[in-house]
Amino acid sequence: MTQRSPLRLAIVVVISTFVAELSVMLLLAWLPPLSTWHGAIADSALLSFLLLPALYLFLFRPMTRHIAEREQARAALQEAHAELETRIKERTAELGQANQKLSATIQELEQRNGETTLLTAMGDLLLSAATPEEAYAVIAASANRLFPKQPGAVFVYSHSRNELEAAAVWGEFPADPNDRVFAPDECWALRRGRLHLIENSH
């Protein structure tokens, strides 16, 4: 519905009032002469009877429709605002999850990069080692940085090849000399010729 301008409404009201008053005067002219009070009452009643429908059609009904349209527009705007807020919250949650995944990936990449750098440095130092003892010291120092929370050791065969001795240790490896030497038959990896993982130490 097109909105009516205030000037157009004012013109409609003036014309309606003029037509209604003219109609009332013509009706009163056909009636027998009345007293002043009776004429005023009749004039007011007929004017109201003719003018109220015009005011309703041209003024009150458009205003009512305009108010209803504004209420509908406001309700639609509130609904769109609520939907937008919901979408923003969902998008914010998705971005938060993506940010967490990205941070975890970056942290993992940084860890891998650090490990690669340590392995490269260890390789260079091993190539520069002149004796096995120097090489074992390099391995122990590098492994301590690569596995800060995991103790371990590198075992090598003795000259008699009847036992293995811990040549490089790191972390809280057992200090007891008896725990740093064992026979080849006690190692399942050597028996099977492949990696052997023990998940339960008992």
Side-chain angles (χ1 to χ4, degrees), residues 1-10 56-129 132 134-156 164 166-176 179-180 182 186-202:
M1 175 181 171
T2 58
Q3 295 183 358
R4 299 177 185 271
S5 65
L7 179 61
R8 184 177 177 184
L9 289 175
Y56 172 76
L57 291 174
F58 295 103
L59 184 62
F60 295 117
R61 191 169 69 172
M63 289 177 61
T64 305
R65 289 182 179 178
H66 180 66
I67 292 173
E69 289 176 354
R70 289 187 62 182
E71 289 296 327
Q72 291 177 357
R74 190 177 76 171
L77 183 62
Q78 289 179 347
E79 183 178 355
H81 185 264
E83 182 180 355
L84 181 61
E85 284 186 347
T86 303
R87 292 178 62 184
I88 289 174
K89 289 180 181 178
E90 293 175 354
R91 186 60 179 163
T92 303
E94 291 176 359
L95 290 175
Q97 293 177 355
N99 188 32
Q100 290 179 355
K101 291 181 180 179
L102 182 61
S103 299
T105 302
I106 291 175
Q107 186 177 1
E108 183 179 356
L109 289 175
E110 289 178 349
Q111 181 180 355
R112 295 288 180 263
N113 186 36
E115 292 173 354
T116 303
T117 303
L118 286 174
L119 288 173
T120 302
M122 182 179 71
D124 292 340
L125 291 173
L126 286 175
L127 291 174
S128 303
E134 289 182 355
Y136 298 149
V138 169
I139 292 173
S142 300
N144 195 33
R145 296 177 64 187
L146 285 170
F147 313 108
K149 298 180 181 180
Q150 298 175 348
V154 173
F155 287 84
V156 297
L164 289 105
V169 297
W170 63 88
E172 298 179 0
F173 195 80
D176 188 356
D179 293 331
R180 297 192 176 198
F182 63 88
E186 298 178 15
C187 179
W188 282 97
L190 292 177
R191 284 188 186 184
R192 302 170 65 194
R194 60 182 180 177
L195 179 67
H196 181 70
L197 176 65
I198 301 176
E199 296 181 353
N200 188 352
S201 61
H202 297 290

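This one's a predicted model, so the numbers in the text were calculated from it and none came from an experiment. In this chain, residues are counted from 1 in sequence order.
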Asker: Quick one: CD on E94 to CG on N99, what's the gap to the nearest 0.5 Å?
Answerer: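 Nearest 0.5 Å value for the CD-CG distance: 13.5 Å.
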
Asker: Say you draw a straight line from CG of L118 to CG of N113; how long is it, rounded to the nearest 0.5 Å?
Answerer: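 CG of N113 is found 10.0 Å from CG of L118.
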
Asker: Just do the salt bridge (charged side-chain N to carboxylate O under 4.0 Å, His left out) check on R74 and E71 with the steps written out, would you?
Answerer: CA-CA 5 Å; R74 190 177 76 171; E71 289 296 327; 3.3 Å; yes

Asker: In Å and rounded to the nearest 0.5 Å, what is the CG to CD distance from L119 to E115?
Answerer: 7.0 Å

Asker: For R145, does the CZ atom sit with more than 12 other heavy atoms under 6.0 Å from it, leaving out its own atoms?
Answerer: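 No, CZ of R145 has 12 or fewer neighbouring heavy atoms, counting only those of other groups under 6.0 Å.
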
Asker: Minimum heavy-atom separation for C187 and F182, please, with both atom names.
Answerer: CB-CE1, 3.7 Å

Asker: Tell me the closest heavy-atom pair linking N144 and G171, and the distance in Å.
Answerer: OD1-N, 3.7 Å

Asker: Looking at CD of Q111 and OG1 of T116, how far apart are the two atoms once the value is rounded to the nearest 0.5 Å?
Answerer: 10.5 Å

Asker: Using 0.5 Å steps for rounding, measure from the CG atom of L77 to the NE2 atom of H81.
Answerer: 8.0 Å

Asker: Please check if atom CD in Q107 has more than 12 non-hydrogen atoms from other residues, nucleotides or ligands closer than 6.0 Å.
Answerer: no

Asker: Looking at P148, is its backbone amide N or carbonyl O close enough to the side chain of W170 to form a donor-acceptor pair, meaning the two atoms are under 3.5 Å apart?
Answerer: no

Asker: What are the two closest heavy atoms between E172 and P151, and how far apart are they?
Answerer: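 Looking at all heavy atoms of both residues, the closest pair is N-CB, 3.6 Å.
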
Asker: Is it the case that more than 12 heavy atoms not belonging to E79 sit under 6.0 Å from its CD atom?
Answerer: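 No, because the 6.0 Å sphere around CD of E79 holds 12 heavy atoms or fewer from other groups.
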
Asker: Check R180 against F155 and note the closest heavy-atom contact, atom names and distance.
Answerer: O-CE2, 3.4 Å

Asker: Nearest 0.5 Å please: distance from the CZ atom of R70 over to the CD1 atom of I67.
Answerer: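 Going from CZ on R70 over to CD1 on I67, the span is 8.0 Å.
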
Asker: May I ask you to test the W188-I198 pair for a side-chain heavy-atom distance under 4.5 Å?
Answerer: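 No - every pair of side-chain heavy atoms lies 4.5 Å or more apart.
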
Asker: Looking at every non-hydrogen atom in both residues, tell me the closest pair between A153 and V169 and how far apart they are.
Answerer: CB-CG1, 3.6 Å

Asker: Flag the pair V138 / S142 as yes when at least one side-chain heavy-atom distance between them is below 4.5 Å, and no otherwise.
Answerer: yes

